[in-house]
Novice: 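Once you've had a glance at the structure underneath, I'll fire off some questions.
Here is the naming used below: chain letters follow the sequence lines, and residue numbers restart at 1 for every chain. A quick note: this is a predicted structure, and the numbers were derived from the prediction, not measured.
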Number of protein chains: 2
Amino acid sequence: MTTASTSAPRWLTDEEQRVWRAYLHATTLLEDHFDRQLQRDAGMPHIYYGLLVQLSQAPRRRMRMTELARNAKITRSRLSHAIARLEKNGWVRREDCSSDKRGQNAVLTDDGLTMLRRSAPGHVEAVRQAMFDRLTPEQVSSLGEIMRTLATGLEPEGTDADLPWLR
Amino acid sequence: MTTASTSAPRWLTDEEQRVWRAYLHATTLLEDHFDRQLQRDAGMPHIYYGLLVQLSQAPRRRMRMTELARNAKITRSRLSHAIARLEKNGWVRREDCSSDKRGQNAVLTDDGLTMLRRSAPGHVEAVRQAMFDRLTPEQVSSLGEIMRTLATGLEPEGTDADLPWLR
DNA sequence: GACCTTTTCTTGAAAGTTTAACTAGATAGA
DNA sequence: TCTATCTAGTTAAACTTTCAAGAAAAGGTC
């Protein structure tokens with residue numbers, strides 16, 4: 001067991017505090033920025049757009065709900081609501097899974113694919129402008145390594161971690 | 001003017017796609033992680049906690065609404081709702097601004113400060129575990145530089161940028 | 001002063017998310 | 001088989017955020 005609850009807290013150094021705050025500022029601004037860009041140009045928040053992208057790259061443009069939730073790093077409940085909304089837009093439809101009667105597949109429709117094709121260039125451009133055009137190749141590489149490390153830290157293999165899509 | 005809407009899109013390279021996805025994965029997981037940690041230990045989402053931290057560090061534990069929104073990188077509307085909720089909890093109260101009758105100050109109460117002191121060690125520990133313990137000093141430094149660059153890119157000085165707290 | 005514009009902040013409704021509870025089907029053990 | 005447990009997904013209610021609109025004060029111009 002740890003003694004974290006009783007021992008003196010290891011406060012952040014000034015440098016760490018600056019980095020932490022910069023992280024929060026940048027991620028908050030970026031999320032706001034992309035949510036607005038996609039709400040304006042594609043009529044949905046960024047996380048919904050990501051779901052369509054996932055589906056477009058999946059075999060036969062379909063994916064099991066839990067698998068999609070795992071890829072998007074969100075809860076199944078959140079995904080249920082999201083797919084319901086996208087279904088109303090006609091961009092996704094649900095389909096029973098043949099091998100498991102509890103299961104559902106989310107399927108990207110032709111309309112959904114069309115919408116994605118139309119909005120992709122603008123979104124890529126936005127991502128470039130906000131991120132890749134501002135960083136050196138070394139920074140891009142470093143950012144990738146850092147983000148992979150942090151993500152892995154929160155979803156360690158073979159443990160009982162509290163992962164969104166298992167809740 | 002640009003020709004972005006008509007010229008061929010500059011698609012992301014494989015490397016850029018991997019970095020972009022890693023960024024989305026890590027930030028989504030981290031936000032979920034800290035929101036849950038603070039909801040459990042302090043009874044509020046992470047962004048609300050950040051507001052109390054800001055107030056605790058401000059002179060006389062108070063700050064103008066727009067100033068607080070700017071620091072937190074959120075809209076004034078969002079802040080209004082958040083402060084209303086924190087007021088209900090007794091952790092913040094509102095106060096008229098003497099020099100500008102339109103203005104309001106958000107003031108951290110004694111109860112709010114107590115709550116903050118009680119939950120700070122656990123939160124710092126969570127931040128360490130999820131971020132600083134997993135990165136080398138070089139990575140921490142690099143992350144700070146990258147995040148500062150990205151944040152600055154979205155709030156350029158002296159322009160008519162679409163910043164949340166001005167909407 | 002009168003008028004117009006801008007700034008500050010709030011509000012109500014709509015949209016999205018979380019939490020806990022629930023249904024139905026799969027799985028494993030006696 | 002029968003039963004307990006687990007997994008897949010949904011749902012209702014509470015909460016948070018966004019969007020659009022608006023009230024009130026400040027600032028600028030004539």
Side-chain angles (χ1 to χ4, degrees), chain A residues 28-29 31-40 42-51 62-70 72-89 92 94-107 160 162-167, chain B residues 28 31-40 42-51 62-70 72-89 92 94-106 160 162-167:
Chain A
T28 304
L29 285 170
E31 192 183 355
D32 177 87
H33 182 67
F34 293 121
D35 264 350
R36 292 208 110 211
Q37 185 264 314
L38 282 169
Q39 194 69 58
R40 177 166 46 76
M44 65 189 129
H46 189 236
I47 198 101
Y48 287 36
Y49 184 87
L51 297 174
R62 70 199 61 206
M63 205 178 288
R64 282 292 291 275
M65 293 295 280
T66 299
E67 177 69 5
L68 189 48
R70 183 194 346 270
K73 315 296 176 194
I74 63 178
T75 63
R76 287 170 296 178
S77 171
R78 187 175 177 181
L79 179 63
S80 271
H81 289 295
I83 293 295
R85 196 275 219 184
L86 292 171
E87 211 171 9
K88 237 180 246 175
N89 284 296
V92 168
R94 284 178 221 250
E95 184 186 71
D96 291 345
C97 174
S98 54
S99 58
D100 185 338
K101 288 183 181 172
R102 295 166 305 180
Q104 291 278 104
N105 281 307
V107 187
D160 52 353
D162 173 39
L163 297 167
W165 53 93
L166 299 177
R167 294 210 274 260
Chain B
T28 305
E31 193 183 356
D32 177 88
H33 182 68
F34 293 121
D35 264 351
R36 292 208 108 209
Q37 185 265 314
L38 282 170
Q39 193 68 58
R40 176 165 48 77
M44 65 190 129
H46 189 236
I47 198 101
Y48 287 36
Y49 184 87
L51 297 175
R62 71 199 60 206
M63 205 178 288
R64 282 290 293 276
M65 293 293 280
T66 299
E67 177 69 4
L68 189 47
R70 182 191 350 267
K73 316 295 174 194
I74 62 178
T75 62
R76 286 171 295 182
S77 171
R78 186 175 177 181
L79 180 62
S80 271
H81 288 297
I83 293 296
R85 196 273 220 186
L86 292 170
E87 211 170 10
K88 237 179 245 175
N89 283 294
V92 168
R94 284 179 221 249
E95 184 186 71
D96 289 345
C97 174
S98 54
S99 58
D100 185 337
K101 288 184 181 171
R102 295 166 305 180
Q104 290 280 104
N105 282 306
D160 52 353
D162 173 38
L163 297 167
W165 53 93
L166 300 178
R167 294 211 274 260

Novice: Just call it for B:Arg64: base, sugar-phosphate, or nothing, with non-hydrogen atoms closer than 4.0 Å on any strand.
Specialist: sugar-phosphate
Novice: Rounded to the nearest angstrom, tell me the gap between atom CD in B:Glu67 and atom P in C:dC9.
Specialist: 10 Å
Novice: Can you tell me how far C1' of C:dT18 sits from CD of B:Glu31, to the nearest Å?
Specialist: 13 Å
Novice: By nearest heavy atom, map B:Ser99 and B:Pro45 onto DNA chain D; which one lands nearer the 5' end?
Specialist: B:Pro45
Novice: Output the rounded distance in Å from CG (A:Leu79) to P (C:dT18).
Specialist: 12 Å
Novice: Can you tell me how far CZ of A:Arg62 sits from SG of A:Cys97, rounded to the nearest 0.5 angstrom?
Specialist: 11.0 Å
Novice: Compare side-chain N and O positions of A:Arg85 against OP1 and OP2 of C:dG16 and report whether any pair is under 4.0 Å apart.
Specialist: yes
Novice: For the residue pair A:Ile47 and A:Arg78, establish whether any side-chain heavy-atom pair is separated by less than 4.5 Å.
Specialist: yes
Novice: Thinking salt bridges, do A:Arg167 and B:Asp32 make one under a 4.0 Å N-O criterion?
Specialist: yes
Novice: Separation of B:Asp35 atom CG from C:dT19 atom C1', in whole Å?
Specialist: 13 Å
Novice: For A:Met44 and B:Arg36, take the nucleotide of DNA chain C holding the closest heavy atom to each; which residue's nucleotide lies nearer the 5' end?
Specialist: A:Met44
Novice: The side chain of A:Thr66 is closest to which nucleotide in this list: D:dA8, C:dT17, D:dA26?
Specialist: D:dA8
Novice: Side chain of A:Ser77, base of D:dT11: donor and acceptor closer than 3.5 Å?
Specialist: yes
Novice: Across the strands shown, which category fits A:Ile47 at heavy-atom distances under 4.0 angstrom: base, sugar-phosphate, nothing?
Specialist: sugar-phosphate
Novice: Using atom CG of B:Leu38 as one end and atom C1' of D:dC15 as the other, report the distance to the nearest whole Å.
Specialist: 16 Å
Novice: Can you measure B:Lys101 atom NZ to D:dG27 atom P for me and round it to whole angstrom units?
Specialist: 12 Å
Novice: Can you find an N or O donor on one side and an acceptor on the other, under 3.5 Å apart, linking the side chain of B:Arg102 with the base of C:dT7?
Specialist: yes
Novice: Would you mind reading off the distance between A:Tyr48 atom OH and D:dT17 atom C1', rounded to a whole angstrom?
Specialist: 12 Å
Novice: Within the 4.5 Å heavy-atom criterion, are B:Arg94 and B:Glu87 side-chain neighbours or not?
Specialist: yes
Novice: Does B:Gln104 reach the side chain of B:Ile83, with side-chain heavy atoms less than 4.5 Å apart?
Specialist: no
Novice: For B:Arg94 and C:dT8, give me the distance from atom CZ to atom P, rounded to whole Å.
Specialist: 16 Å
Novice: Counting only distance, no hydrogens or angles, is the base of C:dG12 paired donor-acceptor with the side chain of B:His81 under 3.5 Å?
Specialist: yes
Novice: On DNA chain D, nearest-nucleotide positions of A:Gln39 versus B:Gln39: which is more 5'?
Specialist: B:Gln39
